[in-house]
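These values consider heavy atoms only, across backbone and side chains, with no hydrogens, waters or symmetry-generated copies. Note that this is a predicted model, so its numbers are computed, not measured. We count ligands from 1, going down the list as the structure has it; atoms in each ligand are counted the same way.
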Amino acid sequence: MIDLHTHSTASDGSYSPTDLIRYAKTKGLRALALTDHDCVDGLQEAIDVGKKMGLEVIPGVELSAKFPNGTMHILGLFVNPSDPIFLQRLAVLQEARSQRNPKIVKKLQDLGIKITYDEVVTASGGGQVGRPHFARVLMEKGYVKTIGEAFEKYLKNGGTAYVEKERFSPAECITLIHKAGGVAILAHPFTLYLSVEELDRLLEQLTPTGLDGLEVYYSVHTPEQTAQYEQLARKWGLVATGGSDFHGEYKPKIDLGVGTGSLQVPYSVLEELKRREKIIKELPHHA
Ligand code: AMP
Ligand code: ZN
Ligand code: FE
Ligand code: FE
C-alpha cells in the first residue's frame with residue numbers, strides 16, 4: 001500500500017520529514033508522497049531519508065487554487081523541487097502568507113484573544129506558518145478544545161478571524177505543476193461542495209487544461225462519494241489516486257496510509273501516474 005497525500009513540519013504537519021518516513025516504514029508502506037502546502041522545503045530531506053531507509057518517496061506539493069466557494073486544492077506529484085521558475089511562483093504564495101498571518105493575529109486580538117504572532121511562529125516550529133498553527137495556539141491557551149473548534153469559530157472561511165490569501169487559478173496551478181515536471185491531481189473533491197453534476201461540469205473544464213488525476217480515495221470520503229468520484233475519473237480519463245492527508249496531531253483522527261481506518265491505496269495507482277509523468281516530462285519544457 002502507498003500514501004500519496006501527506007504533510008510535514010515544512011508546512012502544517014507535526015512530523016518532520018525524517019519522522020514521517022520512519023513512521024511510513026513502521027506502517028509497512030511501499031511509497032509515500034510528501035505534499036506540503038505551497039512549499040517544497042521538506043522534499044530533499046524526505047528523499048534522502050527514503051533512500052537510506054528503502055522507502056520510495058515521491059516529491060509533491062499541494063496548491064490552493066482560486067475557487068468561488070469551497071476549497072480547491074491541487075496536488076502536484078513528481079515535481080522537481082529545484083526548478084527555478086516553480087520556486088519563484090511558490091515564493092509568491094509564501095509572501096502572500098506572510099502578509100496574511102499578521103492580519104489573522106490582529107483579527108483574533110480584536111476579538112479579545114491574547115495571542116501574538118511570535119507564539120504562532122513558535123508553534124510552527126520554524127516551517128511555513130498556516131492556520132493549523134493558529135488553531136494549536138488557541139487550543140493550548142484554552143480558547144477552544146480542539147483544532148476543529150478553532151476552525152469552526154475563528155479560522156475557516158466565514159469564521160470571525162478569517163483572512164483571504166492570494167491563490168492562482170486552477171489552470172495556472174496545473175500548468176505550474178506540469179512545467180515543474182509533475183502530474184496534477186484535484187484533491188479531496190468533497191471540499192468543493194459541488195453536486196455530482198456540478199463536479200462533472202468542472203472536470204469538463206479542467207481536463208482540457210491538463211488535469212491528470214482525481215483524488216478518489218481519501219480519508220473522509222464516504223463509500224458513496226468514492227463510487228461517484230471513481231466513475232467521474234473513468235469518464236474524464238483521470239487517474240483515480242488516493243491518500244490520507246496525514247497531518248500528525250493537527251488531524252488526530254487521520255493516520256498515515258489508512259486514514260480513519262479503511263483507506264487502502266494500491267501501488268498500481270503509482271504505476272499509472274508514472275506513465276503520465278513520463279509523457280509530461282517528454283514534452284518540450286514540460287509545456
Ligand atoms: P492554510 O494553509 O493556512 O490556508 O490552512 C490550510 C490547512 O488548514 C489545511 O491543512 C487544512 O486541512 C486545514 N483545515 C482547513 N479547514 C479545517 C477544519 N475545519 N478543521 C481542521 N483543519 C482544517
Ligand atoms: Zn495542511
Ligand atoms: Fe488539502
Ligand atoms: Fe493536504
If I take every N, O or S atom of [X], is at least one of them less than 2.8 Å from the Fe ion (ligand 3)?
X: His73; result: yes
X: Glu62; result: yes
X: His5; result: no

Give me the residue, atom name and distance of the protein heavy atom closest to [atom].
atom: atom 2 (O) of ligand 1; answer: Arg97 NH2, 2.8 Å
atom: atom 19 (N) of ligand 1; answer: Phe151 CB, 3.4 Å
atom: atom 12 (O) of ligand 1; answer: Lys251 NZ, 2.7 Å
atom: atom 6 (C) of ligand 1; answer: Arg131 NH2, 3.7 Å
atom: atom 7 (C) of ligand 1; answer: Asp12 OD2, 3.4 Å

Task: Closest candidate by heavy atom, reference atom 9 (C) of ligand 1, pool His37, His7, Arg100 - done: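 The nearest heavy atom belongs to His37.
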
With backbone taken as N, CA, C and O and side chain as the heavy atoms from C-beta onward, which portion of [X] lies under 4.0 Å from ligand 1: side chain, backbone, both, or neither?
X: Ser64; result: neither
X: Lys156; result: neither
X: His247; result: side chain

- [ ] Enumerate the atoms of ligand 1 whose separation from the nearest heavy atom of Gly130 is less than 4.0 angstrom.
- [x]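 In order of numbering, the contacting atoms are 3 (O).
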
Task: Enumerated ligand 1 atoms positioned under 4.0 Å from heavy atoms of Pro132 - done: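 Close to Pro132: 5 (O), 7 (C), 8 (O).
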
Regarding [X] and [Y], is there a side-chain donor-to-acceptor distance under 3.5 Å anywhere?
X: His133; Y: Asn101; answer: no
X: Glu149; Y: Thr146; answer: no
X: Asp245; Y: Tyr218; answer: yes
X: Glu224; Y: Tyr229; answer: no
X: Glu119; Y: Thr122; answer: no
X: His188; Y: Thr191; answer: yes

Task: Under 2.8 Å from the Zn ion (ligand 2), the protein N, O or S atoms, given as residue and atom - done: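 The answer, once waters are left aside, is Asp12 OD1, Asp12 OD2, His37 NE2, His247 NE2.
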
Task: Pairing of Glu282 and Lys278 as salt bridge, 4.0 angstrom limit - done: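 A salt bridge links Glu282 with Lys278.
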
TODO: Could you tell me whether Asp110 and Lys106 have a side-chain N and a carboxylate O separated by less than 4.0 Å?
DONE: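 Judged by the 4.0 Å cut-off on N to carboxylate O distance, Asp110 and Lys106 do form a salt bridge.
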
Open item on the list: Here's a test for you: under side chain to side chain donor-acceptor pair (under 3.5 Å), which of His221, His5, His73 qualifies with Glu215?
Closed with: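 Among His221, His5, His73, the one meeting side chain to side chain donor-acceptor pair (under 3.5 Å) with Glu215 is His5.
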
Task: Student check: side-chain heavy atoms of Glu166 and Glu95 closer than 4.5 Å - done: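 Side chain of Glu166 against side chain of Glu95, heavy atoms only: no contact under 4.5 Å found.
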
Task: Main-chain N/O of Ala33 paired with Thr6 side-chain donor or acceptor, under 3.5 Å - done: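 Yes: the side chain of Thr6 pairs with the backbone of Ala33.
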
Task: Short side-chain to backbone donor-acceptor contact, Glu56 and Arg30, under 3.5 Å - done: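 Absent.
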
Open item on the list: On the six-membered ring of Phe151, is Arg131 placed so that its NZ or CZ lies under 6.0 angstrom from the centre and within 45° of the ring axis?
Closed with: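 No, Arg131 does not sit over the ring of Phe151.
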
Task: N or O pair under 3.5 Å between Lys165 and ligand 1 - done: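 By distance alone, the answer is yes.
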
